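What you see is a predicted model, and the numbers here were worked out from it, not measured in a lab. Throughout, numbering of the chain's residues begins at 1 and tracks the sequence.
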Amino acid sequence: MAIPVINISDYTYTLPNERIASYPVAERDASKLLIYNKGAISHSVFSSLPEMMTERSLMVFNNTKVVPARLLFRRATGAFIEIFCLEPCDPEDYSLSFASTRTCVWNVIVGNRKKWKGEPIKLYLPENHSAELEKIGLEAVLEHGDGDKIRVRFNWSGEEPFSRVMEMCGKVPIPPYLHRESESIDSERYQTLYASFRGSVAAPTAGLHFSHQVLDALDAKGIERVNVCLHVGAGTFLPVKSDVISGHTMHSEPFSVSIDTLDKLYQNIDKKDVVAVGTTSVRTLESLYWLGAQCAQAGPSHWQPEPIDQWVPYTSGLEKVPAKDALGALLEYCALNGKDKIVDRTRIIIVPPYRYRIVSNLITNFHQPNSTLLLLVAALIGEDWRKVYSYALDNDFRFLSYGDSSLLIPRR
């Protein structure tokens, strides 16, 4: 298989601004739910999702947690500098970075970069700031500022961990297409109820619809649930600027899958429908397959994990490795090396005519025109994506991060 030749202009639709949901609905599970079932389309409300899940379902959730990654600083001249934290680099491990006291280094995006000459800058303190905020004395020092790679060292006083510093000083990085500043409601609603591991700068938005009632109903019905963790990066907001998909460079994101989840997938891959909750779960699960295929080919005792390149599914020649063999090879690798999880990075891009190896069905929101996520949906349900999006537009569905949801069950 070769890199697909796809014109991005073939994957677009007209999305009126008024159809973009600026705020969430009052209750998480009160959003609309579009059901695409092997060509048939209908709709309901999200609270009814458990009724549509069968005992043959194994649901996979991304339990990453969004961090308040936007920090506002001010130069002595009065110029404002916004620093958007992307991922830690000293220490590189997320948990170690969030546990750091007094100092740590992050890769960042800097707003108003031209105004910052590189001198240390202080956190902006609004007029009604607390004494605790002032006591922290957070400052940012530019360590590397050339090209796209910008590194900033944060220094602060006291023994508060950086996770607490972020919570006190930062804002939730809501998507730019909402065209508003983050508000208090976003601290709660731009976060899934099952979020556990800090690291994302964007929410896995398919999970925002799950209420405690829906989760309890799934459990009561005996639907198995497992977790993966992929920290969503700022690249999720980047549009495809090239005319053809081969010219687009995917962003890299870290992910981890516990041995318990890996074993559950291995035991059920040929027995149950794997229902991915969100495109980030899809990217994790399908990346897991390609890792396992590489492991199976090299042999678990000789294999060394490497990041998944975006074109691996189309150029590696490993597409004939059965999914169960791929998962089994990863389990054997973990056993041989005493590991309790698989940790790696992925830049995978899923576009037609990609064939899903692990994911059977998908729960997802409605995505932007000309986006890689729309291509991911098209790879699952083919040209019927046009019918799905036309139905959603004709029936007053709300779009994007705070919008409504869909359950996609492809033709087999």
Side-chain angles (χ1 to χ4, degrees), residues 65-176 178-184 186-187 190 198-202 231-238 249 251-254:
K65 190 172 187 177
V66 181
V67 297
R70 292 176 56 202
L71 300 164
L72 189 62
F73 291 79
R74 186 160 61 181
R75 294 185 64 205
T77 62
F80 286 101
I81 309 294
E82 182 175 272
I83 297 179
F84 189 163
C85 298
L86 295 179
E87 60 181 9
C89 56
D90 185 18
E92 289 186 357
D93 182 86
Y94 279 85
S95 59
L96 292 178
S97 181
F98 286 123
S100 296
T101 56
R102 298 187 179 272
T103 188
C104 62
V105 180
W106 279 62
N107 292 317
V108 303
I109 296 172
V110 176
N112 211 11
R113 171 71 180 87
K114 291 181 180 179
K115 293 286 187 178
W116 189 11
K117 306 306 178 183
E119 80 282 9
I121 52 178
K122 295 290 186 180
L123 179 74
Y124 168 65
L125 297 173
E127 289 185 5
N128 60 345
H129 70 271
S130 66
E132 188 179 15
L133 195 62
E134 185 170 358
K135 186 179 179 181
I136 283 179
L138 183 65
E139 85 170 3
V141 179
L142 190 65
E143 287 213 338
H144 179 82
D146 296 331
D148 296 332
K149 296 289 185 181
I150 301 178
R151 290 198 307 271
V152 165
R153 177 174 291 279
F154 296 105
N155 299 312
W156 64 96
S157 302
E159 297 302 320
E160 296 282 4
F162 190 59
S163 58
R164 172 63 178 153
V165 172
M166 264 193 169
E167 289 170 1
M168 293 174 62
C169 306
K171 291 184 177 181
V172 174
I174 60 173
L178 297 187
H179 300 298
R180 65 174 176 85
E181 287 296 312
S182 58
E183 301 176 21
S184 57
D186 300 309
S187 297
Y190 196 61
R198 300 181 183 93
S200 281
V201 298
H231 291 318
V232 189
T236 192
F237 297 132
L238 294 177
T249 301
H251 54 290
S252 175
E253 294 170 320

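- A heavy-atom distance below 4.5 Å is not found between the side chains of Leu86 and Ile150.
- Side-chain atoms of Glu160 and Lys135, non-hydrogen and from C-beta on, never get closer than 4.5 Å to each other.
- Inter-residue side-chain proximity for Trp116 and Ile83 is flagged as met; some heavy-atom pair is nearer than 4.5 Å.
- Atom-to-atom distance recorded for Met168:CE and Leu71:CG is 12.0 Å, nearest 0.5 angstrom.
- For the pair Ser100 and Pro91, the minimum side-chain heavy-atom distance is below 4.5 Å.
- For the atom pair CG (Leu72) and CD1 (Ile121), the distance works out to 9.0 Å, reported to the nearest 0.5 Å.
- Between Glu167 and Arg198 a salt bridge is recorded (basic side-chain N to carboxylate O distance below 4.0 Å).
- In this structure, Ser97 and Phe162 approach most closely via the heavy-atom pair O-CB, 3.5 Å.
- The distance from the CG atom of Leu138 to the NZ atom of Lys122 is 8.5 Å, given to the nearest 0.5 Å.
- The OG1 atom of Thr101 lies 15.0 Å from the CZ atom of Arg164; values are rounded to the nearest 0.5 Å.
- The two atoms that bring Glu253 and Val232 nearest to each other are OE2-CA, 3.5 Å, heavy atoms only.
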Test side chain to side chain contact (heavy atoms under 4.5 Å, CB included) on Val152 and Leu142; report intermediate values, then the result.
CA-CA 5 Å; Val152 165; Leu142 190 65; 4.1 Å; yes

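- A 4.5 Å side-chain heavy-atom check between Leu123 and Ile136 finds every atom pair outside the cut-off.
- The CD atom of Glu87 lies 7.0 Å from the OG atom of Ser252; values are rounded to the nearest 0.5 Å.
- Side-chain contact between Phe84 and Val108 is absent, with no heavy atoms from C-beta onward closer than 4.5 Å.
- Here the side chains of Cys85 and Phe154 are in contact, with some heavy-atom distance below 4.5 Å.
- Closest of all the heavy-atom pairs between Pro120 and Glu139 is CB-OE1, 3.7 Å.
- Using cut-offs of 30° and 60° for the angle between ring planes, the Tyr94 and His231 rings count as tilted.
- Contact check on Arg153 versus Asp90 returns a salt bridge, with a Lys/Arg side-chain nitrogen under 4.0 Å from an Asp/Glu carboxylate oxygen.
- Counting all heavy atoms, side chain and backbone alike, Arg102 lies closest to Gly158 at CG-O, 3.5 Å.
- Taking 4.0 Å as the cut-off between side-chain N and carboxylate O, Glu82 and Lys171 do not count as a salt-bridged pair.
- Scanning all heavy atoms of the two residues, the minimum distance from Val201 to Pro173 falls at O-CG, 3.1 Å.
- Cys104 SG to Met166 CE: the interatomic distance, rounded to the nearest 0.5 Å, is 7.5 Å.
- Contact annotation: the side chain of Glu119 never approaches that of Thr77 to less than 4.5 Å [non-hydrogen atoms, C-beta and beyond].
- With Asp186 as reference, Ile174 is the one residue of Ile174, Leu178, Val66 to meet the side-chain contact (heavy atoms from CB on, under 4.5 Å) rule.
- Taking every heavy atom of both residues into account, Leu133 and Cys169 meet most closely at CD1-SG, 3.5 Å.
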